Number of protein chains: 2
Amino acid sequence: MTSMTPARTSPPADRPQLGLRERKKIKTRTAIRDATYALIEEQGYEATTIEQIAERAEVSPSTVFRYFPTKEDIVLTDEYDPLLLEELSARPADEPWMDSLRHVMRYAIGAATTDEPEVTKLRMRLMVEVPAVRSRMMETMSVTGGLLCQAVAGRTGLAPDSLEVRVFSMSLIGGLLEVSMYWAENDFQGDLADLVDRAMEVMEKGLPTEIR
Amino acid sequence: MTSMTPARTSPPADRPQLGLRERKKIKTRTAIRDATYALIEEQGYEATTIEQIAERAEVSPSTVFRYFPTKEDIVLTDEYDPLLLEELSARPADEPWMDSLRHVMRYAIGAATTDEPEVTKLRMRLMVEVPAVRSRMMETMSVTGGLLCQAVAGRTGLAPDSLEVRVFSMSLIGGLLEVSMYWAENDFQGDLADLVDRAMEVMEKGLPTEIR
DNA sequence: CCTTCTTTTGAGAGTTACTCTCATTTCATG
DNA sequence: CATGAAATGAGAGTAACTCTCAAAAGAAGG
């Protein structure tokens, strides 16, 4: 899911013969992001202004806004969701639903923590510390939620816009988001994959000591 | 929870001999809120500026910000959470946890839909339509989540900051928030309490057709 | 290479939510 | 009524965004 996946330098997979124009666009995009990360490390999130970002990325402020609709998006945006959903639908149809999810989550976590661990951690830290970032993250998670609904519906045969599917998806996403926060708040101790396992256990079976 | 409870004209219960100062404060607070609601009905959320709100409420813009930290808060803020938690902890200790929750939810829904149904609906509509409002709502829900953790912990004997409790609380809140959205998106058809029941069923037992 | 068309960029002005400060007013109290 | 504390208003300032328009830079064809 969004929170687990790092922002990529280049779009995953396809890169066949891009024109100079396209290549430049990618370069500016990452220039802006890198500038932002660097400035945030130096001064913190709030203290970093769009103007500073623009200056360091050597573009105009207008351009920054052209590439990212909000300041938070510079930090958060990634393009992994479709990949994950694909991964999810590629799972065997007879596999228990929660097991499929677990696999996909592991996959996502692997990608995020191997690829660019510092960036991933920075993002999670910002999520915990900066309300605006957290909000924006939740926003994008609810978009992810919509996609998840499709996947769940496809798998279970339920309607994607039914209350049940929607509630299930959102509560799942809420839970997973909380895992990230927990991990970040506890200084990234332990293995994120293990935490996710524990979380999914809870969401599947309820609290450990709960009296049914 | 927050999403279900209407903003009150006066703080619930206690009003024993308030000084003129306090009474005036309450009056301005509701004046601002009423002005906001009215303007939003007339022009929509985005088109309504703080200046307009201030003008109609007959206070200065500064005062508006003194009472509400953000524009979204004018619409969303209520003070019901503590009440609900109290209600929750007042439930018999041997009652199954989910049953307790169900009761409290019913209570909250009853209060919200009986008290000021139009306001409640307006808020939910804004939640669906205005991203900023939705974000802010999610923010406050995550605060509520923290409180809920305490309650869950007290009941189950688990640590309030344990991963399990936190995940459980947040996924619950995510699910309940989605119920509100669903209700609003479907033009408030059907009984909210029924929807909440169905949602809690999902969160307790998983999706209907799920193969365990 | 040069022309023409399209896309991307930069500059600048404007809006609005929000912050901070300080003087003034308004209530509380003895 | 005097004195102190709290609430208000006025105003200046910041920074994230939005919009518009003209200049610059790649794409494509002759």
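So that the names make sense, note that chain A is the first sequence line, chain B the second, and so on, each numbered from 1. Just so it is clear, the model here is predicted, and its values are computed rather than measured.
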First and last nucleotide of DNA chain C, 5' to 3', lying under 4.0 Å from heavy atoms of chain B
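Taking any atom under 4.0 Å from a heavy atom of chain B, the span is C:dA17 to C:dA28.
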Expressed in angstrom and rounded to an integer, what is the separation of [X] atom [atom1] from [N] atom [atom2]?
| X | N | atom1 | atom2 | value |
| --- | --- | --- | --- | --- |
| A:Asp73 | D:dA16 | CG | C1' | 13 Å |
| A:Phe68 | D:dT18 | CZ | P | 15 Å |
| A:Lys24 | D:dA25 | NZ | P | 7 Å |
| B:Glu22 | D:dA6 | CD | P | 11 Å |

Atom of [X], atom of [Y] and distance for their closest heavy-atom approach:
| X | Y | value |
| --- | --- | --- |
| B:Glu46 | B:Lys71 | O-NZ, 3.7 Å |
| A:Met124 | A:Leu192 | CE-CD2, 4.2 Å |
| B:Asp161 | A:Tyr182 | O-CE1, 3.4 Å |

DNA chain D contacts among residues 45-66 of chain B, heavy-atom distance under 4.0 Å:
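Only B:Val59, B:Ser60, B:Ser62, B:Thr63, B:Arg66 qualify.
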Note: B:Arg106-B:Asp197 ion pair, threshold 4.0 Å (strictly below):
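Yes, B:Arg106 and B:Asp197 are salt-bridged.
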Is the side chain of B:Arg198 donor-acceptor paired with the backbone N or O of A:Glu164 at a distance under 3.5 Å, no angle test?
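Here the side-chain-to-backbone pair does not exist.
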Tell me if a side-chain donor or acceptor on B:Arg91 pairs with a main-chain N or O of B:Val104 at a distance below 3.5 Å.
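Checked: no pair found.
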Return the 5'-most residue of the pair A:Arg21, B:Thr70 with respect to DNA chain C, ranking by each residue's nearest nucleotide.
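This one resolves to A:Arg21.
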Quiz question: by atom type and distance under 3.5 Å, do the side chains of B:Ser100 and B:Arg155 form a donor-acceptor pair?
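Side-chain D/A pair, B:Ser100 to B:Arg155: present.
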Step through the shown structure and confirm whether more than 12 heavy atoms of other residues, nucleotides or ligands are within 6.0 Å of CD on B:Gln43.
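Yes, because the 6.0 Å sphere around CD of B:Gln43 holds more than 12 heavy atoms from other groups.
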